[in-house]
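Dumping the structure here so I can ask a few things about it.
All values below come from the heavy atoms of this structure, side chains included, with hydrogens, waters and symmetry mates left out. Quick note on labels: first sequence line is chain A, next is B, and so on, each numbered from 1.
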There are 2 protein chains.
Amino acid sequence: MKITYKGDYALKTILDLAAHFGNGPVVINDLSRRLDIPTKFLEQILLDLKRAHFVESKRGKIGGYSLARHPGQITLGEVTRFIDGPIEPIACVDKRYSGCHDAGACVFRSIWGQVSSSTAKIIDNITFEDLLKRSKRTNKSFNYQI
Amino acid sequence: MKITYKGDYALKTILDLAAHFGNGPVVINDLSRRLDIPTKFLEQILLDLKRAHFVESKRGKIGGYSLARHPGQITLGEVTRFIDGPIEPIACVDKRYSGCHDAGACVFRSIWGQVSSSTAKIIDNITFEDLLKRSKRTNKSFNYQI
DNA sequence: GTATACTCTACTATTATAATAGAGATTATC
DNA sequence: GATAATCTCTATTATAATAGTAGAGTATAC
């Protein structure tokens with residue numbers, strides 16, 4: 001598993017939108033400024049997130065982005081996998097992989113499978129609602145109002 | 001964490017050398033053929049592994065490579081980190097990282113830290129002796145003699 | 001001294017990453 | 001219906017990593 005800048009930005013963006021959930025859309029420029037993400041790069045990321053139905057948008061004045069689902073219904077794992085791909089450290093772990101001549105007997109394969117499982121156990125059980133609570137706890141100055 | 005071809009090849013090479021531990025050196029060509037690794041690429045990998053003192057070599061006739069330490073003294077984690085770098089999914093997890101303006105308050109950082117720890121717990125507790133035993137169990141045709 | 005085998009440096013093709021650029025489409029409001 | 005705000009879409013680019021390939025050089029056993 002490798003978290004790229006794009007993935008990191010996506011997660012932070014969704015957390016920000018989670019913090020504003022229910023308070024109307026947030027414009028790209030505000031997200032960009034608050035999260036310190038290049039605006040044009042963020043535009044692309046948001047379009048991706050929109051296509052995956054994590055967020056929804058409204059154009060024109062009073063437009064912007066908002067979460068398409070409740071923060072408690074979006075997990076860290078879902079977003080990470082969507083942006084940065086499979087969490088497996090190596091492709092052969094995948095059931096449908098056929099590139100390895102003796103995948104069944106390979107001792108490494110089963111270990112990378114264990115690694116994947118332990119990672120999944122963590123990130124698939126954390127929602128953005130959880131993250132929001134944590135960040136409110138640890139960061140007093142965290143701005144979760146509009 | 002991402003296992004590259006180079007890392008995968010390195011691990012398989014060390015496992016093969018572990019299987020031949022104590023029986024004199026193994027030549028690159030045999031490793032290359034047995035493990036299906038491009039010879040010239042394997043040469044480079046072995047030189048890297050030699051510089052890190054995982055393996056040692058002997059030149060000329062009756063030369064080749066052998067493990068520099070007992071298979072029980074080399075962990076999967078050590079080799080993986082050496083070839084493919086840190087296991088952390090993102091650089092900010094590292095204590096010495098200073099690129100993030102609010103690393104202390106970042107909820108993601110602590111989660112990627114958990115992911116790293118759970119991965120480390122697995123790969124740092126498996127030696128090539130363990131792997132050898134496992135592969136002997138699961139693969140009857142595994143050739144661990146010279 | 002010759003065949004065998006490791007050593008070293010350089011080069012190359014492909015892909016992913018992290019953007020940047022700019023024109024286009026939609027909507028609220030006056 | 002003009003205008004400003006805002007999202008939408010496609011293309012381009014710079015840098016780095018990955019996965020090799022190439023070839024000349026060095027050491028050793030016999």
Notebook entry, point to check: Taking atom types as modelled and ignoring hydrogens, do the side chains of B:Asp130 and B:Thr127 form a donor-acceptor contact shorter than 3.5 angstrom?
Noted result: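 Present: a donor and an acceptor within the cut-off.
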
Next item on the list: Identify whether any heavy atom of A:Ile28 sits under 4.0 Å from a base atom; if not, whether one sits that close to sugar-phosphate; answer base, sugar-phosphate or nothing.
Entry: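 Contact class for A:Ile28: sugar-phosphate only.
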
Margin query: Please tell me if B:Lys50 has a side-chain N or O lying less than 4.0 Å from either OP1 or OP2 of C:dC6.
Written below: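 Answer no for this pair, as no side-chain N or O of B:Lys50 is under 4.0 Å from OP1 or OP2.
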
Next item on the list: Would you mind reading off the distance between B:Lys12 atom NZ and D:dA19 atom P, rounded to a whole angstrom?
Entry: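 The distance from NZ of B:Lys12 to P of D:dA19 comes to 13 Å, rounded to the nearest Å.
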
Notebook entry, point to check: Where the side chain of A:Pro38 is defined as all heavy atoms beyond and including C-beta, which of D:dA29, C:dT20, D:dC7 is the nearest nucleotide?
Noted result: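 Side chain of A:Pro38 sits closest to C:dT20.
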
Notebook entry, point to check: Are B:Asp124 and B:Arg81 within salt-bridge range, i.e. N to O under 4.0 Å?
Noted result: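 Result for this pair is yes, salt bridge flagged.
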
Checklist line | Polar side-chain contact B:Gln44-D:dT21 base: donor and acceptor under 3.5 Å | finding: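 Between D:dT21 and B:Gln44, which were checked side chain against base, a qualifying N/O pair under 3.5 Å is present.
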
Next item on the list: Confirm from the modelled atom types if B:Arg59 and C:dA5 form a donor-acceptor pair under 3.5 Å, side chain to base only.
Entry: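 Side chain to base: no pair below 3.5 Å.
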
Note to self: Quick check for you: among D:dC9, C:dT7, D:dT18, whose closest atom lies nearest to any side-chain atom of B:Glu43?
What the structure shows: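 Of the candidates, C:dT7 comes closest.
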
Notebook entry, point to check: A:Arg51 side chain: which of C:dT7, D:dC9, C:dA18 is closest?
Noted result: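 Looking only at side-chain atoms, A:Arg51 lies closest to D:dC9.
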
Item checked: Atom-to-atom span, CD1 of A:Ile45 to C1' of C:dT20 - whole angstrom ->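 Whole-Å distance recorded here is 13 Å.
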
Next item on the list: Measure the distance from CZ on B:Phe41 to P on C:dA13 and round it to the nearest whole Å.
Entry: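 After rounding, the gap between these two atoms is 17 Å.
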
Item checked: Rounded distance in Å - OH (B:Tyr5) to C1' (D:dT21) ->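 One finds 17 Å between C1' of D:dT21 and OH of B:Tyr5, rounded.
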
Check: Expressed in angstrom and rounded to an integer, what is the separation of A:Tyr65 atom OH from D:dA5 atom C1'?
Finding: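 One finds 14 Å between C1' of D:dA5 and OH of A:Tyr65, rounded.
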
Item checked: Atom-pair distance (CG on B:Asp84; C1' on D:dA17), nearest Å ->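 From B:Asp84 CG to D:dA17 C1': 11 Å.
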
Item checked: side-chain N/O A:Lys58 vs C:dA28 OP1/OP2, d < 4.0 Å ->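 The answer is yes; a side-chain N or O of A:Lys58 sits under 4.0 Å from OP1 or OP2.
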
Next item on the list: Answer yes when B:Lys12 and B:Asp16 have at least one side-chain N-carboxylate O distance shorter than 4.0 Å, and no when they do not.
Entry: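 Salt bridge absent between B:Lys12 and B:Asp16.
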
Notebook entry, point to check: Between atom CG in B:Asn29 and atom C1' in C:dC6, what is the gap in whole Å?
Noted result: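 That distance rounds to 11 Å.
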
Next item on the list: Starting from C1' on C:dT17, measure out to CD1 on A:Ile37 and report it in whole angstrom.
Entry: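 Distance, rounded to whole Å: 16 Å.
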
Check: Where the side chain of B:Ile62 is defined as all heavy atoms beyond and including C-beta, which of D:dC30, D:dG20, C:dT7 is the nearest nucleotide?
Finding: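 Of D:dC30, D:dG20, C:dT7, D:dC30 is nearest to the side chain of B:Ile62.
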
Item checked: Nearest-nucleotide 5' precedence on DNA chain C, A:Lys2 against A:Lys40 ->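 Result of the comparison: A:Lys2.
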
